[in-house]
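Lettering of chains follows the sequences in order, A, B, ..., and the numbering in each one begins at 1.
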There are 2 protein chains.
Amino acid sequence: MENKEITIYDIAKALNISPSTVSRGLSNHPAINTKTKNKILKTAHDMGYQTNKFASNLRKKTTNTIGVIIPRLDSLFMSSVIAGIEKVANNAGYNLIISQSLESEKKEKNNALTMYNSRVDGLIVSLSNGTRDYSHFKKFIDKGIPLLFFDRIAEELPSTKVVIDNFRAGYTATQHLIEQGCKKIFHITNDMHRNVYRDRFEGYKKALIDYSIAFKEELFVINDMTESAIVNYIEDEIVKKQNVPDGIFLTSDSSAAVAITTLRHHGFSIPQDIAVVGFNNDIISKVTEPPITTINYPGVEMGETVARILLNHFTGNGNLNLTNTVVLNTDLIVRKSSLKS
Amino acid sequence: MENKEITIYDIAKALNISPSTVSRGLSNHPAINTKTKNKILKTAHDMGYQTNKFASNLRKKTTNTIGVIIPRLDSLFMSSVIAGIEKVANNAGYNLIISQSLESEKKEKNNALTMYNSRVDGLIVSLSNGTRDYSHFKKFIDKGIPLLFFDRIAEELPSTKVVIDNFRAGYTATQHLIEQGCKKIFHITNDMHRNVYRDRFEGYKKALIDYSIAFKEELFVINDMTESAIVNYIEDEIVKKQNVPDGIFLTSDSSAAVAITTLRHHGFSIPQDIAVVGFNNDIISKVTEPPITTINYPGVEMGETVARILLNHFTGNGNLNLTNTVVLNTDLIVRKSSLKS
DNA sequence: AAATAAATTGCAACCGATTGCAATATCAAA
DNA sequence: TTTGATATTGCAATCGGTTGCAATTTATTT
């Protein structure tokens with residue numbers, strides 16, 4: 001019969017020893033004699049034994065599952081982060097439950113509840129743009145379930161965070177535009193509720209100041225960065241009002257791509273009239289005409305890092321409370337969209 | 001104490017009834033008196049009861065978990081499919097374990113093993129391009145674990161499949177190019193091991209024949225559709241050898257985007273010299289210059305469909321063996337990359 | 001009111017692994 | 001050879017929900 005599952009009781013019977021010994025042998029308990037252990041391991045393998053995780057979880061009160069909540073899956077960045085987390089987690093015998101908030105606070109709260117009910121051992125989150133309050137994470141904190149953030153973090157919460165230096169990236173991007181001779185640089189970004197956008201904005205502002213370019217509120221544009229929002233802004237503000245910049249720094253490649261497409265459609269040449277810098281080094285940045293100068297984001301590394309911190313916490317190596325924030329490096333990738341010279 | 005978990009025993013004690021009754025009341029057993037049931041439900045809610053899934057799984061031998069193995073996450077199509085599956089599955093109280101094969105057979109086999117060991121109740125798969133044999137799915141079939149495929153399917157296996165009509169989509173795309181006046185249409189695609197590419201190719205061929213255009217092997221190009229493979233092909237075969245088509249049908253938008261970028265770089269105008277059609281309606285198709293004519297893929301619908309079939313099987317409505325293949329509709333989305341007139 | 005049928009509820013075993021503590025085996029020292 | 005120390009192994013309870021079957025209630029019929 002293929003049907004019957006093999007249990008430690010079967011192994012015990014086969015070897016004429018007790019199930020406790022089998023259990024301990026299987027989990028490498030130090031009190032077990034090496035010979036006995038090897039016999040157990042061999043028999044288990046021969047009989048095709050698989051641990052029943054539910055019995056084990058029930059008893060140990062742990063699930064070997066890590067929850068991941070992210071805004072969306074459909075970017076190279078996110079899928080790289082997931083690949084990084086998955087690699088580290090699977091090697092350690094953990095499974096992932098992944099869900100998308102689709103930038104909605106409500107869905108994020110829902111997802112968090114599902115994760116809680118599934119009793120994940122740890123939760124890794126990148127916040128949705130819509131999220132304003134963090135009450136849905138309280139349960140986790142109260143119950144001592146490790147909660148870590150990456151990229152879009154909750155600064156108010158006392159959790160471990162893995163981020164890039166958004167300030168510096170914003171500074172570098174802006175500085176690059178200035179060095180290309182831009183004097184009137186627009187910054188199109190999302191609202192300031194998320195650290196990533198706020199810090200990039202601060203970097204942008206600081207670069208302007210350092211190079212003695214006055215920062216004016218009207219240079220700085222906030223919207224939700226959807227395709228239509230970008231198109232509308234460009235057509236209404238730049239084209240119609242003839243309020244034309246010589247450089248634009250946008251905080252995503254897809255919005256930069258939309259911007260370039262729209263601007264060219266209205267007769268502007270990129271980068272001669274307007275230089276453009278995006279963010280993320282997503283695939284899209286390579287295939288627009290011209291290709292987009294952007295900031296490279298270390299996705300896989302970010303995923304591996306956040307997963308490793310969590311796992312170290314589980315195994316008792318490393319303390320979540322000690323590693324509060326990890327900052328990863330980024331690079332500016334220069335392509336034609338910004339090269340005036 | 002926030003600490004202590006509430007169990008059915010606590011509820012039983014509070015109401016002075018037996019745990020069995022509580023269990024049955026909670027799971028809507030018909031034998032339980034409605035009044036009793038309501039009391040149980042109310043008390044459970046008031047006390048903040050949460051089912052312990054491990055105890056339940058242990059006893060019921062089901063995990064309420066569905067495994068999903070896909071090639072990659074980073075496309076709009078895949079993230080839509082996942083969103084669709086997730087929506088249906090979560091509503092029914094199921095969790096998802098998602099993993100990426102990254103187009104590698106080895107990783108896919110590995111992922112399948114992990115899913116098996118995690119005892120998923122069902123497995124949903126879209127095959128990697130590298131997959132040649134299907135032995136890693138045997139375990140599931142032998143053990144009666146439902147196995148469903150979507151998009152990139154294993155035709156040899158007797159599983160339920162959800163696909164689009166790739167033949168027709170290929171036909172439509174090609175027909176569109178022909179109607180634009182193209183006479184020499186290249187087809188750049190992946191190798192024929194996956195149904196999606198094979199069927200699109202057959203559609204392409206049929207359209208040529210129907211419109212009395214001779215199909216020649218040299219029109220038809222196979223490679224792995226990576227960025228470099230596309231660039232190399234175009235530079236070596238089209239540009240250097242001056243073997244220039246007047247239309248190209250590629251089976252992904254990202255490769256179409258790369259093709260357009262490369263061709264323009266070499267002085268061709270799109271669509272005047274060469275009309276281009278892609279596949280997938282990924283975001284990238286909208287931001288290239290010119291934007292790409294493509295086939296729209298019903299991602300969310302595909303995900304919902306495959307998940308719903310699986311869930312119906314679990315609940316006993318609908319029989320997996322009866323629904324063998326579901327075919328969803330696609331549309332041709334015409335954009336500038338193909339409009340010669 | 002007694003007898004029979006139908007509706008509810010409870011008992012107790014079970015799912016399979018884990019673990020504190022007691023029991024036994026092994027080995028070295030006296 | 002006896003004793004005490006140490007290394008191994010086993011016993012039995014436990015985690016929390018589920019379910020076949022028996023027991024008890026309640027409703028219906030005569």
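- Checking side-chain atoms of B:Ser159 against main-chain N and O of B:Leu157 turns up no donor-acceptor pair under 3.5 Å.
- Separating the CG atom of B:Leu58 from the C1' atom of D:dT19 is a distance of 14 Å, rounded to the nearest angstrom.
- The aromatic rings of B:Tyr94 and B:Phe314 lie parallel to each other, with less than 30° between the two planes, well short of the 60° mark.
- Here the P atom of nucleotide C:dA17 and the CG atom of A:Asn64 are 15 Å apart, to the nearest Å.
- Here B:Arg152 pairs with B:Glu103 in a salt bridge; the nearest charged N to carboxylate O distance falls below 4.0 Å.
- Of the residues listed (B:Glu105, B:Glu108, B:Lys107), the one engaging B:Thr131 in a side chain to side chain donor-acceptor pair (under 3.5 Å) is B:Glu108, and it is the only one.
- Checking the phosphate oxygens (OP1, OP2) of C:dA17, no side-chain nitrogen or oxygen of A:Ser23 falls inside 4.0 Å.
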Anything under 3.5 Å between a protein N or O and an N or O of nucleotides 7-12 of chain C, put it in a table, one pair a line.
unit_1 : atom_1 : unit_2  : atom_2 : d
C:dT9  : OP1    : B:Thr36 : OG1    : 2.7
C:dT9  : OP2    : B:Asn33 : N      : 3.0
C:dT9  : OP2    : B:Thr36 : OG1    : 3.4
C:dG10 : OP2    : B:Ser18 : N      : 2.9
C:dG10 : OP2    : B:Ser18 : OG     : 3.2
C:dG10 : OP2    : B:Thr21 : OG1    : 2.6
C:dG10 : N7     : B:Arg24 : NH2    : 3.2
C:dG10 : O6     : B:Arg24 : NH2    : 2.6
C:dC11 : N4     : B:Ser20 : OG     : 2.9
C:dA12 : N6     : B:Ser20 : OG     : 3.4

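- As a whole-Å value, the separation of A:Phe54 CZ from C:dT18 P is 14 Å.
- With respect to A:Glu155 and A:Arg194, no salt bridge is recorded, no charged nitrogen being found less than 4.0 Å from a carboxylate O.
- B:Phe149 does not carry B:Lys161 over the face of its six-membered ring by the limits of under 6.0 Å from the centre and within 45° of the normal.
- A sub-4.0 Å separation between OP1 or OP2 of C:dT18 and a side-chain N or O of A:Tyr9 is absent.
- B:Ser56 comes within contact range of the sugar-phosphate backbone alone, with a heavy-atom separation under 4.0 Å but no base atom that close.
- A:Asn57 places its CG atom 10 Å from the C1' atom of C:dA17, with the value rounded to the nearest Å.
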Using the 3.5 Å cut-off, write out each protein N or O paired with an N or O of nucleotides 4-6 of chain C and the distance between them.
none

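- Between A:Val163 and A:Thr325 the shortest side-chain heavy-atom distance falls below 4.5 Å.
- Contact annotation: A:Lys60 side-chain N/O to D:dT14 OP1/OP2 distance is not under 4.0 Å.
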Report each atom pair, protein N/O against N/O of nucleotides 22-26 of chain C, whose distance is under 3.5 angstrom.
none

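- Between the side chains of B:Ser104 and B:Lys109, not a single donor N or O lies within less than 3.5 Å of an accepting N or O.
- Other residues, nucleotides and ligands contribute at most 12 non-hydrogen atoms within 6.0 Å of the NZ atom of A:Lys87.
- The only option from B:Asn110, B:Asn111, B:Thr114 that meets the side chain to side chain donor-acceptor pair (under 3.5 Å) definition with B:Ser99 turns out to be B:Asn111.
- Side-chain atoms of B:Lys53 and B:Asn64 include no donor-acceptor pair closer than 3.5 Å.
- Between the NZ atom of A:Lys53 and the C1' atom of D:dC15 there is a distance of 18 Å, given to the nearest Å.
- Within the structure, salt bridge (Lys or Arg N to Asp or Glu O under 4.0 Å) contacts touching residues 116-125 of chain B (residues at least two apart or in different chains) are A:Glu5-B:Arg119.
- Across the helix from C:dA1-D:dT30 to C:dA30-D:dT1, the helix axis at one end is tilted relative to the axis at the other end by 50° (nearest 10 degrees, each axis from five pairs).
- For A:Arg59 and C:dT19, the CZ to C1' distance is 6 Å, given to the nearest whole Å.
- At the phosphate of C:dG16, OP1 or OP2 sits under 4.0 Å from a side-chain N or O atom of B:Lys61.
- Between the NZ atom of B:Lys35 and the C1' atom of D:dT25 there is a distance of 14 Å, given to the nearest Å.
- Note: CG (A:Asn52) to C1' (C:dG16) measures 6 Å, nearest angstrom.
- The salt bridge (Lys or Arg N to Asp or Glu O under 4.0 Å) analysis of residues 72-83 of chain A, with sequence neighbours excluded, yields the pairs A:Arg72-A:Asp74.
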- Message: Using side chain to side chain contact (heavy atoms under 4.5 Å, CB included), reason through B:Ser80 and B:Val300 one step at a time and then give a plain yes or no.
- Response: CA-CA 5 Å; B:Ser80 306; B:Val300 175; 3.8 Å; yes

